[in-house]
Amino acid sequence: MSFADVAKYLREEQGLSQMQLAEKIGISAAGIGHLELGKREPSSPTLILYANYFGVSADYLLGLETEWGAKQFSSPAPIYSKAEQNIIADYRQLNPSCQKLVQDTIKTLLASSGAAQGNKKNIS
């Protein structure tokens, strides 16, 4: 995955517009647009701004490692649909007890649908 893809993914995951991100990290909205379209490659200072703001490494931003730090040569992060992105954004706004309720509900739904047999992802 390219920097353009990762940068757009991270911005959208946070529910930010290009203008909002521009204000937060001190780059013009047009500059962010050029980066996300792949019309411009990030400079070292820009990589540092993105890495610090999103709490990721420069290697992750460049598609060289996963968000967990494992080196790789393929996509650094899954691409989520807009609906999935909205669910994640909503989940992150919940307090910890409500997040636990969501996790428990998902586990219950998976177990009752039989999907848990083939999909044993740890939700915690």
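Model, not experiment: these values are computed from the prediction. Index from 1, following the sequence.
The closest side-chain heavy-atom distance from Leu47 to Phe3 is below 4.5 Å. With a 4.5 Å cut-off on side-chain heavy atoms, Tyr53 and Ile48 do not count as touching. Two residues are said to be in side-chain contact when any heavy atoms from C-beta on lie closer than 4.5 Å; Val102 and Ile106 meet this criterion. Side-chain atoms of Leu94 and Leu101, non-hydrogen and from C-beta on, never get closer than 4.5 Å to each other. The shortest side-chain heavy-atom distance between Val6 and Val56 does not fall under the 4.5 Å cut-off. Residues Ile25 and Phe54 fail the side-chain proximity criterion, which asks for heavy atoms closer than 4.5 Å.
Glu12 contributes no side-chain N or O that, together with a main-chain N or O of Gln85, makes up a donor-acceptor pair within less than 3.5 Å. With hydrogens and angles ignored, the 3.5 Å screen pairs no side-chain donor or acceptor of Glu23 with any backbone N or O of Gln20.
In plain terms, the two heavy atoms of Ala51 and Leu61 that are nearest each other are N-CD1, 3.5 Å.
A donor-acceptor contact closer than 3.5 angstrom is absent between the side chains of Thr108 and Thr105. Remark: the Ser97 side chain and the Asn95 side chain contain an N/O donor-acceptor pair separated by less than 3.5 Å. A donor-acceptor pair shorter than 3.5 Å cannot be found between the side chains of Tyr9 and Gln14.
The CD1 atom of Ile27 sits 5.0 Å away from atom CG of Leu49, with the distance rounded to the nearest 0.5 Å. Expressed to the nearest 0.5 Å, how far CD1 of Ile32 lies from CG of Leu37 amounts to 12.0 Å.
Between Lys8 and Glu13 no salt bridge is recorded (no basic side-chain N to carboxylate O distance below 4.0 Å).
Residue pairs meeting the salt bridge (charged side-chain N to carboxylate O under 4.0 Å, His left out) criterion with at least one member in residues 29-53, sequence neighbours excluded, are Arg11-Glu36.
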